[in-house]
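Input: a single structure, listed below in structure tokens.
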Amino acid sequence: MVSLNDSVSELAGVGPKRAQALKSLDIENVNDLLTYFPFRYEDLQAKDPTELTDQAKVTLKGTVAAAPVISRFGRRKTRLNFRLLLDEHTIIPVTFFNQPWLKDKLEVGNELAVYGRFDAKRQSLAGMKIIASTDDGGGMGSIYPANKEVRQATIQKLVESAYDAYEPVIVDLIPEPLREQYRLLHRRQMIHDMHFPAGDAAAQAARRTAKFEEFYLFETRLQIVKQQDHTLHGQALTYDLPKLKDFIASLPYELTDAQKRVVNEICYDLKRPVHMNRLLQGDVGSGKTVVAAVAMYAAITAGTQAALMAPTEILAEQHANNLAKLFADFPVNVALLTGATKPAARKTLLPQIANGAVNLIVGTHALIQPEVAYHDLGLAVIDEQHRFGVNQRQALREKGQQPDVLAMTATPIPRTLAITAYGEMDVSVINELPAGRQPIKTSWIRSNQVDSTLRQVKAELSSGSQAYVVTPLIEESEAVDMKNAEAIYERFKEQFEPTYKVGLLHGRMKNDEKNAVMDAFKANEFQVLVATTVIEVGVDVPNATVMLIYDADHFGLAQLHQLRGRVGRGKKASACILIADPKNELAVERMTTMTSTNDGFVLSQKDLELRGPGDILGKKQSGVPDFKVGDPVADLNILSAAQQAAKETVASPDWADKDANLALAAFLSTTAHQNTTMD
Ligand code: ADP
Ligand code: MG
């Protein structure tokens, strides 16, 4: 019996060579081919030229009025001209480039239709294709993404013959009740109308169903993975609630309601014998670190170890210091392990990690090196998780006995990405800042206005505050970044010293140097810190209330928001000044967006629209799968509906046995390629 899983080599005209070529388009079986959809259609319905204004691609019908003339130009280029009589009054010139062989089809008196670009002003047609008039030709011509190995015409022919041969075995994958609820086409009709639509309306209806189906299949797979992840493994961490309460009571402030809520969500997961895979999302300054501290202490009171992985050494060290302070009166041994840890220290530390003598390990990706063996890792926390690659996050998950994982991010994740890239994680959101925070006032100035701004900075400093100055970012070269930073450092020294002291921080400095600078700035030993983007993540100096960002237009919104989040962390009002002479519209839009909102969620949605998912989630891997017809940003409504539908489908454990789901279950179990991202 034939099935859509049949290899394309079963089709007439597909030998090993062509099968190989089709593979370059990701087409291996008949289903791949039938869901290899056109990206646009040519309107082959003949048009009345008097109704056309402007330039448009159209089909015009007529009679060849004068024999074609071929002329040559350039090297090997030809131009074929003839006249087409459209009706009794209108004759237009038609030109074809580099298709001299068409001459044979163009005898005077022949009736035909020509598809091409019509220029209404000049009343001329640049021909692209000739359609014999006897051919009823009408309707829509499907145009497929093709490449050098597989040409357009080949795809068209193969799709046609595949549809003819396999039409009877195309069955609905979306269960009938859902298909009706969302008013979708039957799969057979959808596939037919995607390839051979009768007109625009049919094509659009088919496309809507095709998008829904694509998202729905993706989401169903994701939900299945999520269910398995929950039930397969996982340790139940029986933490000591009274001890946890003591720790929370010892904090120098009360947790916000949002912090309390997410602490509860996390602790509930820890206690269950399921494998936690939770994303903790909270705007910069919302207080994620202390939430992580509570969760890690919970794991420790359950007798296991906890680890916290941060993207930079500065941040890891800051966390280690803060945590050591928070846990000073508690039975927690904090250790720091980074690439900068000296060999001797490392040599004593590794056995302590392996035998459980230290129970809270803070570090960079040094934590996931193969030599680092844990005694009993119960909880792994990843700070600023979008700065890590998928593999690094995975490696931490695989340490020890499958620890529960809490991934933290300050970049609010737009719905599109929450559904696709993070669909298999549970999400907790801290949607509230600690009390008493004042909104950061952001302004944008041109580089020739810097002088007046420096007066504003001095005024802030004279009231006892501190300032950051972020220097230009030249993507290609750390060396150039450093030079820029040094030049600006010199300028600020001239301007501010001796009244105020100025410090410098850049990526090329040794770690001890960096740490010394950060510590001195924290201790207010100097008041102005000139820095490259090393300070981007997590650095916490509440007394800093002004930030100046040079060449702000070189940064993305998410990154600017992160930078800006270094101020506004205390009770005083803060300001962020963007210095930029943007060169294009998009950059102007980024600047005005920054000055108009402090809401990280709004910004990341905007960033997603302006720059795409890669820039939000980090260059390494956005984790958003490549969909064929659906666009997860533009088609968010369909995506959300499909997610909802998929959740309903797999909600009950015996979903695959239900009649309405049989075809879907069979399809999912036989399709090898999965585009679910396992994160
Ligand atoms: P982020 O979420 O950006 O990582 P942090 O965890 O660094 O934020 O917290 C930002 C600042 O807010 C820190 O100085 C922290 O001590 C403080 N903080 C955290 N929670 C509270 C709270 N509930 N009340 C007051 N200050 C808090
Ligand atoms: Mg943080």
Side-chain angles (χ1 to χ4, degrees), residues 244-245 247-266 278-297 308-312 314-328 360 362 381-388 406-413 427-440 465-466 468 518-519 521-524 533 535-545 547 558-574 576 598-601 603-604:
L244 211 56
K245 285 190 167 157
F247 172 64
I248 293 173
S250 78
L251 295 170
Y253 39 72
E254 194 182 343
L255 295 181
T256 62
D257 288 344
Q259 284 171 320
K260 286 179 193 161
R261 177 171 42 77
V262 302
V263 162
N264 281 333
E265 286 167 3
I266 296 164
R278 188 170 280 281
L279 184 69
L280 173 56
Q281 190 179 302
D283 212 342
V284 280
S286 60
K288 294 183 290 294
T289 314
V290 70
V291 169
V294 174
M296 291 190 294
Y297 189 55
L308 170 61
M309 180 164 81
T312 65
I314 290 197
L315 202 51
E317 175 153 348
Q318 178 182 291
H319 278 318
N321 290 337
N322 285 344
L323 291 169
K325 263 183 233 147
L326 287 178
F327 289 120
L360 177 50
V362 181
V381 180
I382 308 175
D383 193 21
E384 307 291 345
Q385 64 92 35
H386 61 285
R387 304 277 300 240
F388 292 97
L406 180 67
M408 307 200 288
T409 181
T411 307
I413 312 245
V427 179
S428 288
V429 184
I430 308 183
N431 53 357
E432 176 189 6
L433 295 178
R437 293 280 168 80
Q438 302 215 32
I440 303 164
S465 290
Q466 290 166 275
Y468 291 106
M518 275 321 298
D519 289 345
F521 187 59
K522 248 187 202 166
N524 203 358
T533 52
I535 56 150
E536 181 190 340
V537 283
V539 169
D540 187 31
V541 181
N543 191 44
T545 62
M547 173 171 281
Q559 207 181 2
L560 285 171
H561 186 59
Q562 282 281 316
L563 282 168
R564 174 169 69 180
R566 299 310 109 218
V567 295
R569 301 174 82 83
K571 290 221 152 57
K572 289 198 232 174
S574 295
C576 173
N598 264 317
D599 185 334
F601 188 86
L603 289 169
S604 63

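Atoms within each ligand, like the ligands themselves, are counted from 1 in listed order. Sequence positions, counted from 1, serve as the residue numbers for this chain.
Here K260 contributes atom NZ and E254 contributes atom CD; the two are 4.0 Å apart, rounded to the nearest 0.5 Å. Atom CG of D540 sits about 6.5 Å away from atom NZ of K522, to the nearest 0.5 Å.
Which parts of ligand 1 touch V284 is read off a 4.0 Å heavy-atom cut-off, strictly below it: atoms 3 (O). Those atoms of ligand 1 that come under 4.0 Å of a heavy atom in T256, given as number and element, are 23 (N). Heavy-atom contacts of E254 reach the following atoms of ligand 1: 22 (C), 23 (N), 24 (N) (cutoff under 4.0 Å). Interface atoms of ligand 1 facing T289, defined by a heavy-atom separation under 4.0 Å, are 4 (O), 5 (P), 6 (O), 7 (O). Near G287, meaning under 4.0 Å from one of its heavy atoms, ligand 1 places the atoms 1 (P), 2 (O), 5 (P), 6 (O), 8 (O), 9 (O), 19 (C).
Taking each heavy atom of G570 and R437 in turn, the nearest pair found is O-CD, 3.9 Å.
Ligand 1 has no nitrogen or oxygen under 3.5 angstrom from a nitrogen or oxygen of L255.
Using a 4.0 Å heavy-atom cutoff, A410 is absent from the residues neighbouring ligand 1. In this structure, S286 is part of the shell of residues with a heavy atom less than 4.0 angstrom from ligand 1.
By the 30° and 60° cut-offs, the orientation of the rings of Y297 relative to F327 is tilted.
In this structure, the side chains of R566 and V284 come closer than 4.5 Å at one or more pairs of heavy atoms. Using a 4.5 Å cut-off on side-chain heavy atoms (C-beta onward), N322 and Q318 make contact.
At a heavy-atom distance under 4.0 Å, only side-chain atoms of R437, from C-beta outward, approach ligand 1.
If you check the side chains of H561 and D283, you find a donor sitting under 3.5 Å from an acceptor.
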